[in-house]
Chemist: 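Below you'll find the structure I mean.
All residue numbers refer to positions in the sequence shown, counting from 1. These numbers come from a predicted model, not from an experiment.
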Amino acid sequence: MAAARLVLLSTTHRVAAGLLSYAAWEALRTADEVYSASADHPLASALDDAGLLLRVPPAASPRPLAAFLVERAGVGAVVWVTGPDGDPGLPDALAELLSARAEAGADELPEIELLPGSWDVPGARLLDLVDVMDRLRSPGGCPWDAGQTHESLLPYLLEEAYETVEVIEAGDLVGLREELGDLLLQVVFHARIGEEHPLDPWSVDDLAGGIVDKLISRHPHVFSDADAATAADVEDSWEAIKRAEKGRSSAVDGVPLAQPALALAAKLLSRAAKAGVLVDVPELALPSAGALTSAAVGDLLLAVVAAARSAGVDAEAALRASSRGYALRVRASEASE
């Protein structure tokens with residue numbers, strides 16, 4: 001019989017059941033008894049395949065369970081397979097019990113070992129987000145979440161994107177983590193809705209797989225033998241590959257026309273310049289008040305964007321900064337009244 005010991009074996013539900021470390025499988029293989037709180041533990045099938053019997057103790061609450069495990073470990077090697085919730089209260093109950101027995105002068109106490117059997121890999125918590133979103137969207141979940149569509153979520157997608165821009169410009173790194181999480185939620189939400197399409201369903205795995213393929217194909221200088229010595233070379237290569245993939249014939253194909261006007265103008269100007277397409281823009285001149293038609297204002301703004309771009313200034317960011325300054329002046333004026 002193996003030496004008297006109690007192994008608390010922890011696993012993670014974010015890794016496929018049975019993918020355990022060598023030390024974990026050795027502990028299970030050499031144990032006299034293996035226990036968990038439920039016969040439906042995610043590891044149960046893997047243990048059964050390995051010819052190991054998974055037992056369920058008669059006690060469930062922490063203190064009686066701790067007493068039971070210590071008693072069984074007193075006569076042999078016992079492995080307790082921790083549940084997905086981490087079995088709250090059990091470690092404390094074991095510590096209290098062994099401390100009390102040691103103070104009472106017990107002759108032999110089982111050796112207790114905490115053994116991680118598997119660990120979360122980077123990005124594993126994304127699986128939790130997918131699971132939570134699935135629960136919210138499924139029958140018995142949240143009626144609001146279940147009622148959303150790609151179209152109804154558009155305002156939230158835009159709002160979260162703008163809030164992300166705001167915290168970046170403010171240098172708020174704590175806020176950035178929160179806003180990026182909110183933005184990620186929108187992606188997972190749309191992916192969950194995509195799974196329900198009656199003719200062409202797709203999932204978050206399809207999204208991830210698509211972007212992985214895109215990143216690899218558009219970075220041949222990293223994943224293949226192409227050369228790109230500078231960031232400018234990378235940008236030129238990216239645009240060339242993108243045009244070839246999408247079969248675009250114009251420098252401005254693929255520019256989203258629904259984006260804010262200043263950003264749209266800047267993108268169109270940038271695309272044309274990179275492609276060497278020379279198109280005149282209105283000269284920067286203020287018309288008289290009577291001549292400020294819609295077309296004149298549009299030409300004026302286009303000229304401002306072109307001038308800003310030539311000076312290396314982000315017109316969109318500059319206007320937001322000026323707008324924030326204006327808002328501060330408004331608040332100061334209101335406070336002084």
Chemist: Which pairs pass ring-ring contact (aromatic ring centres under 6.0 Å, His included) with one or both residues in residues 72-106, sequence neighbours excluded?
Modeler: none

Chemist: Might you point out which heavy atoms bring S217 and I241 nearest each other, and give the distance in Å?
Modeler: O-CD1, 3.6 Å

Chemist: Side-chain contact, heavy-atom cut-off 4.5 Å: D32 with V75?
Modeler: no

Chemist: Would you give me the side-chain donor-acceptor pairs under 3.5 Å for residues 171-189, sequence neighbours excluded?
Modeler:
unit_1, atom_1, unit_2, atom_2, d
D172, OD1, V174, N, 3.3
D172, OD1, G175, N, 2.9

Chemist: Would you confirm whether D87, through its side chain, and G83, through its main-chain N or O, come within 3.5 Å as a donor-acceptor pair?
Modeler: yes

Chemist: With a 4.5 Å cut-off on side-chain heavy atoms, are L6 and L94 touching?
Modeler: yes

Chemist: Donor-acceptor check, side chain of T230 to backbone of D233, threshold 3.5 angstrom: yes or no?
Modeler: yes

Chemist: Search all heavy atoms of G117 against all heavy atoms of A24 and return the closest pair with its distance.
Modeler: CA-CB, 3.7 Å

Chemist: Decide whether V15 and V81 are clustered together by the hydrophobic rule: side chain heavy atoms of Ile, Leu, Val, Met, Phe, Trp, Tyr closer than 4.5 Å, transitively.
Modeler: no

Chemist: Between F223 and H219, how do the two ring planes meet: parallel, tilted or perpendicular, split at 30° and 60°?
Modeler: perpendicular

Chemist: Find the distance between CG (L9) and CG (L114) and round it off to the nearest 0.5 Å.
Modeler: 10.5 Å

Chemist: In terms of hydrophobic clustering (I, L, V, M, F, W, Y; side-chain heavy atoms under 4.5 Å; direct or indirect links), are V78 and L115 co-clustered?
Modeler: no

Chemist: According to a hydrophobic-cluster definition based on side-chain heavy atoms being under 4.5 Å apart (Ile, Leu, Val, Met, Phe, Trp, Tyr only), do I112 and V7 belong together?
Modeler: no

Chemist: How many angstroms lie between CD1 in I211 and CG in L215, if you round to the nearest 0.5 Å?
Modeler: 4.5 Å

Chemist: Please tell me whether I193 and L207 are part of a single hydrophobic cluster in this structure, the criterion being side-chain heavy atoms less than 4.5 Å apart.
Modeler: no

Chemist: Counting C-beta onward and ignoring hydrogens, is there a side-chain heavy-atom pair between D134 and R192 closer than 4.5 Å?
Modeler: yes

Chemist: Not counting sequence neighbours, which residues clear side-chain hydrogen bond (donor to acceptor under 3.5 Å, both in side chains) with D120? List them please.
Modeler: T12, R14

Chemist: Can you name the residues that form a side chain to side chain contact (heavy atoms under 4.5 Å, CB included) with R55, not counting sequence neighbours?
Modeler: E33, Y35, L53

Chemist: Hey, are the side chains of S237 and P220 touching, using non-hydrogen atoms and a 4.5 Å cut-off?
Modeler: yes

Chemist: Output side-chain donor-acceptor pairs under 3.5 Å for residues 145-156, partner residues at least two apart or in another chain, one line each.
Modeler:
unit_1, atom_1, unit_2, atom_2, d
Q148, OE1, S152, OG, 2.8
Q148, NE2, W144, O, 2.9
T149, OG1, E151, N, 3.3
T149, OG1, E151, OE1, 3.4
T149, OG1, S152, N, 3.0
T149, OG1, S152, OG, 3.4
H150, ND1, H190, ND1, 2.9
S152, OG, T149, N, 2.8
S152, OG, T149, O, 3.1

Chemist: With a 4.5 Å limit on heavy-atom distance, are the side chains of L90 and L69 in contact?
Modeler: yes

Chemist: Locate the shortest heavy-atom distance separating D200 from W202; write the atom from each residue and the value.
Modeler: O-CD1, 3.2 Å

Chemist: Is there side-chain contact between L20 and L28, with at least one heavy-atom pair below 4.5 Å?
Modeler: yes

Chemist: Nearest 0.5 Å, what's the CD-CD distance between E163 and E166?
Modeler: 7.0 Å

Chemist: Please report the shortest heavy-atom distance between V313 and A318, naming the atom on each side.
Modeler: CG1-CB, 4.0 Å

Chemist: Where do A315 and A308 come nearest, in terms of heavy atoms and distance?
Modeler: CB-CB, 4.0 Å

Chemist: Could you pull out the closest heavy-atom pair between A39 and V56, with the gap in Å?
Modeler: N-CG2, 3.5 Å

Chemist: Are the side chains of L199 and H197 in contact, using a 4.5 Å heavy-atom criterion?
Modeler: yes

Chemist: Is the side chain of S99 donor-acceptor paired with the backbone N or O of E96 at a distance under 3.5 Å, no angle test?
Modeler: no

Chemist: Give the intermediate values and the outcome of side chain to side chain contact (heavy atoms under 4.5 Å, CB included) for residues S118 and T11.
Modeler: CA-CA 5 Å; S118 56; T11 62; 3.6 Å; yes

Chemist: Would you check if the side chain of S61 reaches a backbone N or O of R63 as a donor-acceptor pair within less than 3.5 Å?
Modeler: no

Chemist: If hydrophobic clusters are built from ILVMFWY residues whose side chains come within less than 4.5 Å, do L98 and L8 share one?
Modeler: yes

Chemist: Heavy-atom distance under 4.5 Å between the side chains of E195 and S203, does that happen here?
Modeler: yes

Chemist: Just by distance, do the side chain of W25 and the backbone of G18 share a donor-acceptor pair under 3.5 Å?
Modeler: yes

Chemist: Could you go step by step and tell me if V132 and R137 meet the side chain to side chain contact (heavy atoms under 4.5 Å, CB included) rule?
Modeler: CA-CA 9 Å; V132 169; R137 184 78 181 178; over 6 Å; no

Chemist: Heavy-atom count check: over 12 atoms from other residues, nucleotides or ligands less than 6.0 Å from R218 CZ?
Modeler: yes

Chemist: Using residues 40-50 as the side-chain source, report each donor-acceptor pair under 3.5 Å to any protein atom, sequence neighbours left out, with the distance given to one decimal.
Modeler:
unit_1, atom_1, unit_2, atom_2, d
H41, ND1, L43, N, 2.9
H41, NE2, T82, O, 2.8

